[in-house]
K.L.:
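Dumping the structure here so I can ask a few things about it.
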Amino acid sequence: MNLKFLMSKPKSLALMAAISVLAGVLTAGLVLPFVALGTGAIRASTTAIGSVPTSLSVPQQNEASTLLMGDGSELAKFYDQNRSYVPLDQISKEMQNAQISIEDHRFYEHGAIDAQSVLRALVGNVAGGSISGGGSTLTQQYVKQVRIQLCYGDATCEAEAQAATMERKILEMRYAIALEKEIPKDVILERYLNIAYYGDGAYGVQAAAKHYFNVNASQLDLAQSAMLAGLVQNPSQTDPVNYPEAAIARRAAVLDSQIRYQGLSQEQAEAAKAVPFDTSQVQEFTNGCSDSRYPFVCDYALKTLESDQMTSLGATPRDRRNTLNRGGLTITVTVDPGTQDNAQRVISSVIGAPDPVIAVADTVEVSTGRIVSMVQSRPQWGDGDGKTNYNYSVTNAMGGAEGFMFGSTFKIWTAAAGIQQGNYPDSTSIRVAKSQNWRGKTFRGCGDNTFTLYENYTTTNAVGGQDKGSFNMVTGMMWSVNNYWIALEQRVGPCQAADMAQRAGVQLAKPEADAAGFGDELSDWGEVPSFTLGAPYVTPLSMAASYATFGNRGVRCNPIILSSITNRDGVDVPVPSADCQQTIDPTVADGVNYVMKATQERGLSAQTWINNGIDQGSKTGTSDNSASSSAFVGYTPYMSTAIVVAGDTSSPGWQATNPASRNVLTMPLSPLGGGSLGGYNGIGAGAFWKPIMQPLLAGREPAKFNPWQAPSGR
């Protein structure tokens, strides 16, 4: 001990006080004097340490949650701290030894406090007139990290938990003693290795091993372990990605300590020191959805996790996000990457990301509501050319945009309402003209009410050779005879058709009421004849799900994206149910299937028929004579798919086109070398049905819709 230091009376008193504090800690165990060290002065407090809790509440360590695709491959991680907790037997002995050698080489020999190290540190700190650190056992360091974690990101709290004061040191000693009475050394070491920060965003040894070396913690060798162990003392200045020279130097220091304290041979140490850091193995971290492989699948899953459907994760969206970022959940979505990739190839092979039109295709499983694929022609997240921040499949509230008009695909709702009211497919014949003005006509309203149309509203049949004459429900759907469906809607009521759409699961994309209160519910369309021609803006995902209701004989299943969730302990967390329930009479569904199958097999959709023994039903649709959108919705007893191609009104290419010439079927498309969708395949959006559905249906057993039979007596 320095004699000059001892001759200084104030410093001698300070040293004596410090030693007294240490003695109190060692002899009293959990009953300690409360001592604080200011800048150069020591004050003994008369306040009982008993006012401080006798043990530290140790929460589970913050752990990243992982989002998996249907095949088990990783899609994304969510975290405040990128950590994957691993037990000690999954951390290599080389790593355990390296960490102990550099941080607390007598870890297994002393108790919670190492008297030798503390005394040495106290002498040095008092001599310097402040508390600068040193002397902390590995258990004390763990306590410090726990106290920081308990701050949950509060900067003031974190600063206090790391303050250079004797008060903080004594508190850590107190908690360390209590902790070592409760749990064994191996558990403390395990927790330490998992909580420590290893720089460059890597929390815990597993995340660090994957980040720097692309191996698991169990595979860390001597050189890798020594490098990681050296980082914890000053991780922000020694990580090998940003500070390779400092990292190499710290590795050497760790290896030298292993020679000194653990009997590592000089030859082994020199060999490890010679190993270069391989930057090619560094794995970059991604947090969240924007950089994930399927950002919009990911984002829809994320928004579902944060929604009121998942109150099991917390009472508020913020609570649920905190659980996601800290709770170590394993979440699996319903989408399989092979199916997703095929659907994406189909869309992107025809419509490019920067093109002036947008294409969207969604597929759901009929009997479960599980989302099978969710693709769009702009698959990348962002603000650059060909990128977007919108998931065009879903509602605005869930990350979507304004939605799309699906045109004549809405005729299915009028068919369902008509059949329910006794207007059967083969016997409900109506003679119509090619063009009709419905002004002055009286329509059935909601309930027993009627309403009269006082404004001009003219509709025209568009299919040459099938544009006038007598049609029944089957032929009217096969050739999409607009005036047949307005006439039938006049009889059954747009209100009843809108009710069928709602029962089946159709969702408005952005339900906002105007000044008159119109627009936030499908029922608002109860006195609007254009409903049957698809005037509302709806989501493609809900159109796939609503057509699936008929493939499921009137049982509606809400579309779901989450397949399963388990917490860090492997316990299942409930996921939102598809809430499958009978919302449409099965006989009505049978009649609709009879009509829609004829349309797919012999009508306008005939070229999309897949000859595989599986029944199919479908309907094409356009808005503004294809100027705005081209749509196609088809379904089988297994799967249902909705597809829409719409003009992007914000696109320079769309804006530069003469308004009179804007048409989604004629706009130039980059994958086609400037060719158009109309030239590629005469059925517009229906061009994508076969290549998306054929792989999904391959190998499945033949399946038929339940036969339609009109109720007796009609």
K.L.:
Minimum heavy-atom separation for Ala497 and Trp413, please, with both atom names.
P.N.:
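Closest approach of Ala497 to Trp413, heavy atoms only: O-CB, 3.3 Å.
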K.L.:
Identify the heavy atoms of Asp426 and Val474 that sit nearest to each other, and give their distance.
P.N.:
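Closest pair (atom of Asp426, atom of Val474, distance): OD1-CG2, 3.6 Å.
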K.L.:
Report, as yes or no, whether the 6.0 Å neighbourhood of atom CZ on Phe705 holds more than 12 heavy atoms from other residues, nucleotides or ligands.
P.N.:
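Check passes, neighbour count above 12.
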K.L.:
Apply ring-ring contact (aromatic ring centres under 6.0 Å, His included) to the pair Phe518 and Trp525, showing each step before the final yes or no.
P.N.:
CA-CA 8 Å; Phe518 178 91; Trp525 294 82; 5.2 Å; yes
K.L.:
CG of Asn456 to CZ of Arg439: how many Å apart, nearest 0.5 Å?
P.N.:
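Going from CG on Asn456 over to CZ on Arg439, the span is 5.0 Å.
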K.L.:
Enter the distance from Leu75:CG to Thr332:OG1 here, rounded to the nearest 0.5 Å.
P.N.:
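Answer for the CG-OG1 pair, Leu75 versus Thr332, is 10.5 Å.
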K.L.:
Only one of Pro356, Ser670, Pro671, Ser377 passes side-chain contact (heavy atoms from CB on, under 4.5 Å) with Ile351; say which it is.
P.N.:
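The passing option is Ser377.
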K.L.:
Is there a side-chain contact between Asn593 and Asp615 (heavy atoms, below 4.5 Å)?
P.N.:
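They are not in side-chain contact.
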K.L.:
Minimum heavy-atom separation for Ala417 and Val492, please, with both atom names.
P.N.:
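Nearest heavy atoms, Ala417 then Val492: CB-CG2, 4.2 Å.
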K.L.:
Under a 4.0 Å N-O cut-off, is there an ion pair linking Asp299 with Lys303?
P.N.:
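Yes, Asp299 and Lys303 are salt-bridged.
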K.L.:
For Gln380, I'd like to know if atom CD has over 12 heavy atoms of other residues, nucleotides or ligands within 6.0 Å.
P.N.:
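Result for CD/Gln380: open.
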K.L.:
Determine whether Met310 and Pro576 make a side-chain contact, defined as any pair of heavy atoms from C-beta on separated by less than 4.5 Å.
P.N.:
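Side-chain contact under 4.5 Å: yes.
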K.L.:
Distance check, rounded to the nearest 0.5 Å: Ile331 atom CD1 versus Ser563 atom OG?
P.N.:
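Here the interatomic distance stands at 12.0 Å.
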K.L.:
For Asp448, look at atom CG and say whether over 12 heavy atoms of other residues, nucleotides or ligands are found less than 6.0 Å away.
P.N.:
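Check fails, neighbour count at 12 or below.
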K.L.:
Can you confirm whether Glu489 sits close enough to Pro529 that some side-chain heavy atom of one is under 4.5 Å from a side-chain heavy atom of the other?
P.N.:
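Of all side-chain heavy-atom pairs linking Pro529 with Glu489, at least one is under 4.5 Å.
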K.L.:
Kindly write out the residues that satisfy side-chain contact (heavy atoms from CB on, under 4.5 Å) with Glu402, not counting sequence neighbours, or none if the list is empty.
P.N.:
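Result, side-chain contact (heavy atoms from CB on, under 4.5 Å) vs Glu402: Lys510.
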K.L.:
Do we see a donor-acceptor contact under 3.5 Å between the side chains of Lys411 and Ser480?
P.N.:
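There is such a pair (donor and acceptor under 3.5 Å, judged by atom type) between the side chains of Lys411 and Ser480.
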K.L.:
Hey, does Arg444 have a side-chain heavy atom less than 4.5 Å from the side chain of Arg491?
P.N.:
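No, every pair of side-chain atoms sits at 4.5 Å or beyond.
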K.L.:
Write down the atom of Asn483, the atom of Lys434, and the distance for their closest heavy-atom approach.
P.N.:
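Closest approach of Asn483 to Lys434: ND2-O, 3.0 Å.
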K.L.:
For the atom pair CG (Leu672) and OG (Ser349), what is the distance rounded to the nearest 0.5 Å?
P.N.:
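Reported to 0.5 Å precision, the distance equals 7.5 Å.
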K.L.:
Establish, yes or no, whether a centroid distance under 6.0 Å links the rings of Phe632 and Phe688.
P.N.:
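No.
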K.L.:
More than 12 foreign heavy atoms under 6.0 Å from NZ of Lys468: is that the case here?
P.N.:
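Result for NZ/Lys468: open.
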K.L.:
Which heavy atom in Val506 sits nearest to a heavy atom in Met543, and how many Å separate them?
P.N.:
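Minimum heavy-atom contact is CG2-SD, 4.1 Å.
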K.L.:
Is any side-chain heavy atom of Asn482 closer than 4.5 Å to one of Ser408?
P.N.:
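In short, these two side chains touch, coming nearer than 4.5 Å.
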K.L.:
Would you mind reporting whether Tyr294 and Asp341 have side-chain heavy atoms less than 4.5 Å apart?
P.N.:
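Yes - at least one pair of side-chain heavy atoms lies under 4.5 Å apart.
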K.L.:
Are Trp438 and Thr459 close enough, and set up right, to give a side-chain hydrogen bond (donor to acceptor under 3.5 Å, both in side chains), and what steps lead you there?
P.N.:
CA-CA 8 Å; Trp438 299 91; Thr459 55; 2.9 Å; yes
K.L.:
Atom CD in Glu701, atom CG in Leu697: separation rounded to 0.5 Å?
P.N.:
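One gets 12.5 Å once the value is rounded to the nearest 0.5 Å.
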K.L.:
What class does the angle between the rings of Phe550 and Tyr635 fall in, given that below 30° is parallel, 30 to 60° is tilted and above 60° is perpendicular?
P.N.:
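The arrangement is tilted - the two ring planes meet at 30° to 60°.
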K.L.:
What heavy-atom pair brings Pro540 and Val644 nearest, and what distance separates the two atoms?
P.N.:
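Answer, listing the atom of Pro540 first, then Val644: CG-CG1, 4.0 Å.
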K.L.:
So for atom CD, which belongs to Glu455, do other residues, nucleotides or ligands contribute more than 12 heavy atoms lying within a distance under 6.0 Å?
P.N.:
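Open.
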K.L.:
Between Asn552 and Gly554 (side chain of the first, backbone of the second, donor and acceptor by atom type, cut-off under 3.5 Å), is there such a pair?
P.N.:
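No, Asn552 side chain to Gly554 backbone: no donor-acceptor pair under 3.5 Å.
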K.L.:
Is there a side-chain hydrogen bond (donor to acceptor under 3.5 Å, both in side chains) between Asn342 and Gln344? Walk through the geometry before answering.
P.N.:
CA-CA 5 Å; Asn342 176 68; Gln344 189 66 62; over 6 Å; no
K.L.:
I would like to know whether Gln376 and Thr388 meet side chain to side chain contact (heavy atoms under 4.5 Å, CB included); could you show each step before the answer?
P.N.:
CA-CA 10 Å; Gln376 57 192 48; Thr388 183; 3.4 Å; yes
K.L.:
Hey, does Val364 have a side-chain heavy atom less than 4.5 Å from the side chain of Val372?
P.N.:
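In short, these two side chains do not touch, never coming nearer than 4.5 Å.
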K.L.:
Can you confirm whether the side chains of Thr442 and Thr450 place a donor and an acceptor under 3.5 Å from each other?
P.N.:
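Side-chain D/A pair, Thr442 to Thr450: absent.
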K.L.:
What's the separation between atom CD1 in Ile643 and atom CG in Asp362, rounded to the nearest 0.5 Å?
P.N.:
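The distance works out to 9.5 Å.
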K.L.:
Tell me, with the steps shown, if Thr304 and Gln309 meet side-chain hydrogen bond (donor to acceptor under 3.5 Å, both in side chains).
P.N.:
CA-CA 7 Å; Thr304 302; Gln309 299 177 75; 4.8 Å; no
K.L.:
Do Asn472 and Ser429 have a side chain donor and acceptor closer than 3.5 Å?
P.N.:
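Asn472 vs Ser429: no donor-acceptor pair found between side chains.
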K.L.:
Does one side chain, of Thr666 or Ser676, offer a donor that lies under 3.5 Å from an acceptor on the other?
P.N.:
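Short answer, no.
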K.L.:
Within a radius of less than 6.0 Å around CZ of Arg431, do more than 12 heavy atoms belonging to other residues, nucleotides or ligands occur?
P.N.:
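12 or below, so no.
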K.L.:
Ignoring hydrogens and geometry beyond distance, is a side-chain donor-acceptor pair present between Gln600 and Thr608 at under 3.5 Å?
P.N.:
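There is such a pair between these side chains.
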K.L.:
Would you indicate whether Gln709, at its atom CD, is surrounded by more than 12 heavy atoms from other residues, nucleotides or ligands within a distance under 6.0 Å?
P.N.:
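Incorrect, the count does not exceed 12.
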K.L.:
Using the side chain to side chain contact (heavy atoms under 4.5 Å, CB included) rule, take Thr409 and Thr620 through it: C-alpha gap first, then chi angles, then the decisive distance, then the call.
P.N.:
CA-CA 6 Å; Thr409 64; Thr620 59; 5.9 Å; no
K.L.:
Test side chain to side chain contact (heavy atoms under 4.5 Å, CB included) on Met69 and Val333; report intermediate values, then the result.
P.N.:
CA-CA 5 Å; Met69 295 295 289; Val333 299; 4.0 Å; yes
K.L.:
I would like to know whether Ser542 and Thr539 meet side-chain hydrogen bond (donor to acceptor under 3.5 Å, both in side chains); could you show each step before the answer?
P.N.:
CA-CA 5 Å; Ser542 74; Thr539 68; 2.8 Å; yes
K.L.:
Do we see a donor-acceptor contact under 3.5 Å between the side chains of Glu527 and Asn449?
P.N.:
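Not at all, the side chains of Glu527 and Asn449 share no donor-acceptor pair under 3.5 Å.
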K.L.:
What verdict does the side chain to side chain contact (heavy atoms under 4.5 Å, CB included) test give for Thr428 and Tyr484, after you've listed the backbone C-alpha separation in whole Å, the side-chain angles of each residue and the deciding distance to 0.1 Å?
P.N.:
CA-CA 10 Å; Thr428 305; Tyr484 175 88; 3.7 Å; yes
K.L.:
Going through the distances and angles, do Trp708 and Tyr424 end up as a ring-ring contact (aromatic ring centres under 6.0 Å, His included)?
P.N.:
CA-CA 10 Å; Trp708 157 251; Tyr424 299 139; 5.6 Å; yes
K.L.:
Are Arg378 and Asp648 ion-paired here, with the side-chain N under 4.0 Å from a carboxylate O?
P.N.:
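Salt bridge: yes.
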K.L.:
In terms of the angle between their ring planes, are Tyr390 and Tyr392 parallel, tilted or perpendicular, with boundaries placed at 30° and 60°?
P.N.:
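Tyr390 and Tyr392: tilted rings.
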K.L.:
Are Phe410 and Trp485 close enough that their ring centers fall under 6.0 Å?
P.N.:
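Here the rings of Trp485 and Phe410 have centres that are no less than 6.0 Å from each other.
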K.L.:
Heavy atoms, side chains only, cut-off 4.5 Å: are Phe471 and Val432 in contact?
P.N.:
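Yes, at least one pair of side-chain atoms sits under 4.5 Å.
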